[in-house]
Trainee: 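Pasting in a structure now, in structure tokens, and then I'll have a few things to ask.
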Amino acid sequence: MALVTPLAQDANAEVAELAKFFNETLGFCPNSVLTMQIRPHIAKAFINLNKAVMENHGRVTSELKRLIGYITSANTGCRYCEAHTILAAQRYGGSDERLQNIWQFRQSTLFNDAEKAAFEFALAASSVPNAVDQTIESQLKAHWDDGEIVEILGVISLFGYLNRWNDSMATTLESGAINAGESYLAHNQWQVGKHQTSN
């Protein structure tokens with residue numbers, strides 16, 4: 001059961017306007033944002049940061065950013081964010097095969113070396129203690145320039161915030177996200193867990 005009850009989508013006009021961004025990425029406004037809007041300045045700052053981080057500048061595609069978010073979230077154990085990122089990756093063109101095999105990326109031919117370097121960086125950067133070392137750095141720089149590395153780390157850091165927010169809040173998962181989790185992640189032992197409704 002959620003720690004704090006989300007407000008209605010129309011509780012704050014400014015937040016509601018900014019939150020239209022999520023209609024593209026997820027098809028709905030996430031309950032995490034509806035909880036943040038209890039303090040509207042937090043919700044507005046978060047949405048603007050999310051939009052900036054997830055903006056597509058080129059090779060770090062919208063799909064890849066969501067898969068990096070998934071790796072980060074799976075590493076920290078946030079079931080809410082795992083479901084959201086896999087749903088968004090699907091909406092941005094991720095194939096069923098890529099989505100179903102993302103956690104097995106090391107052994108998969110569905111991901112290229114540049115993507116694998118980004119995923120290794122996501123695992124290392126989201127670990128506690130931080131595990132980014134010279135090997136991770138060298139692999140990353142072999143495939144990505146400084147601007148792309150900033151984009152990738154922006155995604156990892158954004159989901160560091162979201163993982164802690166949603167796991168601590170036990171944010172209730174929306175039905176669309178549950179369906180995506182069950183479709184693409186169940187074979188990796190994904191489950192709704194504490195993010196289920198209280199009804």
Trainee: Apply side chain to side chain contact (heavy atoms under 4.5 Å, CB included) to V192 and Y80, showing your working.
Mentor: CA-CA 7 Å; V192 175; Y80 183 92; over 6 Å; no
Trainee: Can you tell me how far the CG atom of N48 sits from the NZ atom of K44, to the nearest 0.5 Å?
Mentor: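 So the gap between those two atoms works out to 9.5 Å.
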Trainee: Determine yes or no for a side-chain-to-main-chain donor-acceptor pair under 3.5 angstrom, with S108 supplying the side chain and L110 the backbone.
Mentor: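 Yes; judged by distance alone, with no hydrogens or angles, the pair exists.
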Trainee: Applying side chain to side chain donor-acceptor pair (under 3.5 Å) between N188 and each of E82, Q100, Q104, report the one that passes.
Mentor: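 It is Q104, the one option of E82, Q100, Q104 that forms the side chain to side chain donor-acceptor pair (under 3.5 Å) with N188.
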Trainee: Is the backbone of R79 close enough, under 3.5 Å, to the side chain of K194 for a donor and an acceptor to pair up by distance?
Mentor: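 No; judged by distance alone, with no hydrogens or angles, the pair does not exist.
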Trainee: Kindly indicate, with the supporting measurements, whether the criterion side chain to side chain contact (heavy atoms under 4.5 Å, CB included) is fulfilled by T172 and Q196.
Mentor: CA-CA 5 Å; T172 303; Q196 56 196 323; over 6 Å; no
Trainee: Applying salt bridge (Lys or Arg N to Asp or Glu O under 4.0 Å), name anything that partners R66, two or more places apart in sequence or on another chain.
Mentor: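 Listed in chain order: nothing, the list is empty.
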Trainee: Could you tell me which non-hydrogen atom of E63 sits nearest to which non-hydrogen atom of G94, and how far apart they are?
Mentor: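 Answer, listing the atom of E63 first, then G94: OE2-CA, 3.3 Å.
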Trainee: Do S138 and Q134 pair up side chain to side chain, a donor and an acceptor below 3.5 Å, judged on atom types alone?
Mentor: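 Indeed, the side chains of S138 and Q134 share at least one donor-acceptor pair under 3.5 Å.
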Trainee: Do L67 and L99 have side chains that get closer than 4.5 Å, going by heavy atoms?
Mentor: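 A side-chain contact under 4.5 Å exists here.
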Trainee: Roughly how far, to the nearest 0.5 Å, is the CH2 atom of W144 from the CD1 atom of I152?
Mentor: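 Result: 5.0 Å between the selected atoms.
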Trainee: Give a yes or no on whether the ring-centroid distance for F105 and F111 is below 6.0 angstrom.
Mentor: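 So the answer is no for these two rings.
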Trainee: How long is the straight-line distance from CD of E137 back to CZ of F121, given to the nearest 0.5 Å?
Mentor: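 Interatomic distance, F121 CZ to E137 CD, rounded to 0.5 Å: 8.5 Å.
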Trainee: Under a 3.5 Å cutoff, is there a donor and acceptor pairing between the side chains of Y92 and E24?
Mentor: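 Result is yes, a qualifying pair exists.
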Trainee: Rounded to the nearest 0.5 Å, what separates atom CG in N166 from atom CG in N31?
Mentor: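 Spacing of CG (N166) from CG (N31) equals 9.0 Å.
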Trainee: Dump the intermediate steps for side chain to side chain contact (heavy atoms under 4.5 Å, CB included) on L64 and V155, then the final yes or no.
Mentor: CA-CA 10 Å; L64 180 57; V155 175; over 6 Å; no
Trainee: Of all the heavy-atom pairs spanning T5 and I38, show the shortest one and how long it is.
Mentor: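 It is O-CD1, 3.7 Å.
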Trainee: Looking only at atom types and distance, does a side-chain atom of D145 sit under 3.5 Å from a main-chain N or O of E148, one as donor and one as acceptor?
Mentor: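 A pair under 3.5 Å: yes.
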Trainee: Would you say F119 ends up clustered with V150 if hydrophobic residues are merged whenever their side chains have heavy atoms under 4.5 Å apart, either directly or through other cluster members?
Mentor: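 No, no single cluster joins them.
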Trainee: State which residues pass ring-ring contact (aromatic ring centres under 6.0 Å, His included) with F21; sequence neighbours excluded, sorted by chain then number.
Mentor: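 For F21 there are no ring-ring contact (aromatic ring centres under 6.0 Å, His included) partners, ignoring immediate neighbours.
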Trainee: Counting only heavy atoms not in R164, do more than 12 fall under 6.0 Å of its CZ?
Mentor: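 Not more than 12 within 6.0 Å, no.
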Trainee: Does E182 use its side chain to pair, donor to acceptor, with the backbone of N179 at less than 3.5 Å?
Mentor: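 No, the answer is negative, given that no donor and acceptor are paired below the 3.5 Å cut-off.
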Trainee: Short question: side chain of K141, backbone of I136 - any donor-acceptor pair under 3.5 Å?
Mentor: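 No, K141 side chain to I136 backbone: no donor-acceptor pair under 3.5 Å.
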Trainee: Between H195 and L173 (side chain of the first, backbone of the second, donor and acceptor by atom type, cut-off under 3.5 Å), is there such a pair?
Mentor: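 Flag not set: sc H195 to bb L173 has no pair under 3.5 Å.
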Trainee: Can you find a pair of side-chain heavy atoms, one from Y184 and one from W190, that are under 4.5 Å apart?
Mentor: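 No. Closest side-chain heavy atoms not under 4.5 Å.
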Trainee: Is there a side-chain contact between T25 and R91, using heavy atoms and a 4.5 Å cut-off?
Mentor: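 No, their side chains stay 4.5 Å or more apart.
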Trainee: To the nearest 0.5 Å, what is the distance between CD1 on I149 and NE2 on H143?
Mentor: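 If I round to the nearest 0.5 Å, the distance is 11.0 Å.
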Trainee: Kindly indicate, with the supporting measurements, whether the criterion side chain to side chain contact (heavy atoms under 4.5 Å, CB included) is fulfilled by M54 and K51.
Mentor: CA-CA 5 Å; M54 291 305 200; K51 289 170 73 173; over 6 Å; no
Trainee: Between A180 and L87, which heavy-atom pair has the shortest distance, and what is it?
Mentor: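 Closest heavy-atom pair between A180 and L87: CB-CB, 3.7 Å.
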Trainee: Say you draw a straight line from OG of S32 to CD of E174; how long is it, rounded to the nearest 0.5 Å?
Mentor: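 The distance works out to 7.0 Å.
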Trainee: Please say yes or no: joined through hydrophobic side-chain contacts below 4.5 Å, possibly via intermediate residues, are V4 and M1 part of one cluster?
Mentor: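 No, because V4 and M1 fall into different hydrophobic clusters, even though each may have its own neighbours under 4.5 Å.
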Trainee: Might you point out which heavy atoms bring A125 and L153 nearest each other, and give the distance in Å?
Mentor: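 Looking at all heavy atoms of both residues, the closest pair is CB-CD1, 4.3 Å.
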Trainee: May I ask whether F46 and L34 are part of the same hydrophobic cluster, defined by side-chain heavy atoms of I, L, V, M, F, W, Y residues being less than 4.5 angstrom apart, directly or through others?
Mentor: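 Different clusters.
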Trainee: Might you confirm whether atom CG of D96 has over 12 heavy atoms from other residues, nucleotides or ligands at distances under 6.0 Å?
Mentor: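 It does: D96 CG has more than 12 such atoms within range.
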Trainee: Report the residue from T76, N75, N163, T72 that forms a side chain to side chain donor-acceptor pair (under 3.5 Å) with S126.
Mentor: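 So the option named by the test is N75.
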Trainee: For a quick test of reading the model, state the closest non-hydrogen atom pair linking A74 to W103 and the distance between them.
Mentor: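 It is CB-CZ3, 3.5 Å.
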Trainee: For E120, check salt bridge (Lys or Arg N to Asp or Glu O under 4.0 Å) against everything at least two apart and list the hits.
Mentor: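 E120 satisfies salt bridge (Lys or Arg N to Asp or Glu O under 4.0 Å) with R106 only.
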Trainee: Determine, using ring centers only, whether F159 and H84 are less than 6.0 Å apart.
Mentor: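 No, they do not, as the ring centres are separated by 6.0 Å or more.
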Trainee: Does a salt bridge link R98 with E115, judged by any charged N lying under 4.0 Å from a carboxylate O?
Mentor: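 A salt bridge links R98 with E115.
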